[in-house]
Amino acid sequence: MPETVISLGYSQDNIHPKEHHMLLLYTYPRGFGQFSLSPFCVKAAAFLQLSGLNWSRRDFDDPRKMPQAKLPVLHTDERLIPDSNNIRRYLENEGAIFDPDLSDMQRAQSHALTRMAEEHLYFNLVLDRWGNDAVWPTIRDRYFANVPALLRRPVANGLRRKLMQGLATHGIARFSDKDRLARVEQDLQAIQSCLWQSPFLMGNRPTSADLSVGPMLAAIRSTPVQTPLSRRVAADAQLSDYIARLEDTVQLP
Ligand SMILES: N[C@@H](CCC(=O)N[C@@H](CS)C(=O)NCC(=O)O)C(=O)O
């Protein structure tokens with residue numbers, strides 16, 4: 001049976017190794033102009049889209065019954081796969097190639113950029129949405145829209161308290177806003193150093209690093225009440241063009 005090499009013109013061999021039934025992406029709903037309220041769900045959707053396999057979405061508000069109590073999760077014929085990176089690995093095992101022609105050095109850079117986006121930019125996004133009193137009421141009413149009105153505030157505030165404790169333990173919530181923004185600026189500069197070289201982080205086509213970094217930047221920019229961080233990304237023509245370029249190329253449904 002023919003082999004697939006997935007994605008956007010990387011190969012003409014557009015054939016799948018196995019017959020698939022529908023892959024179902026369990027995701028948080030759309031919101032703030034994005035495919036999902038969660039950048040990890042947008043990332044997983046982008047990997048699925050570039051894989052060329054058939055997939056569709058199923059929306060959840062509440063991740064508690066999921067294998068790691070988080071979303072995204074991919075429902076395949078055989079199992080539930082939690083975590084966007086595991087979803088990527090699954091698709092690669094099915095024959096998808098997301099990083100063709102990258103050197104070992106580029107793969108190392110790509111890995112570092114991905115970790116930076118997911119383990120540092122992400123927590124700044126969370127603080128922007130959950131930790132900022134000006135933003136929080138909008139987030140609460142959007143994320144917890146399906147919780148009955150009388151319970152909404154206590155449920156949301158309880159989760160918020162837990163999350164903020166986690167971010168204090170992590171350490172990121174201990175910085176002043178100013179120091180935190182200065183740290184994020186270093187990340188943005190690193191991303192922009194790549195983008196001065198080429199339209200996508202690793203060259204002329206999106207690769208895996210773009211699928212982590214792009215959705216994270218887009219999520220930061222889409223926070224519904226403006227913050228210094230969301231304004232920083234929104235006001236930057238290079239970053240905004242990059243997000244648009246990636247969205248145009250990936251074409252999420
Ligand atoms: N490492 C995970 C991160 C996923 C993640 O953090 N999802 C968040 C939303 S952005 C979530 O479901 N949080 C629910 C919770 O922690 O209770 C991945 O790459 O998929």
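For ligands, and for the atoms within them, numbers begin at 1 and follow the listed sequence.
No cation-pi contact links Arg160 to Tyr143, judged by a cut-off of 6.0 Å to the six-membered ring centre and 45° from its axis.
Inspection of the Ser230 and Arg221 side chains reveals no N or O donor paired with an N or O acceptor under 3.5 Å.
Salt-bridge formation is not detected for the pair Arg245/Asp241: no Lys NZ or Arg NE/NH1/NH2 atom is positioned less than 4.0 Å from an Asp or Glu carboxylate oxygen.
Between Trp136 and Trp130, the ring planes lie tilted relative to each other; the angle falls in the 30° to 60° range. Classified by interplanar angle (parallel below 30°, tilted 30° to 60°, perpendicular above 60°), the ring pair Tyr26/Phe60 is tilted.
Closer than 4.0 angstrom to ligand 1 sit non-hydrogen atoms from Tyr28, Ser38, Phe40, Pro63, Ala69, Lys70, Leu71, Pro72, Asp83, Ser84, Tyr122.
The distance between the ring centers of Tyr122 and Phe40 falls below 6.0 angstrom.
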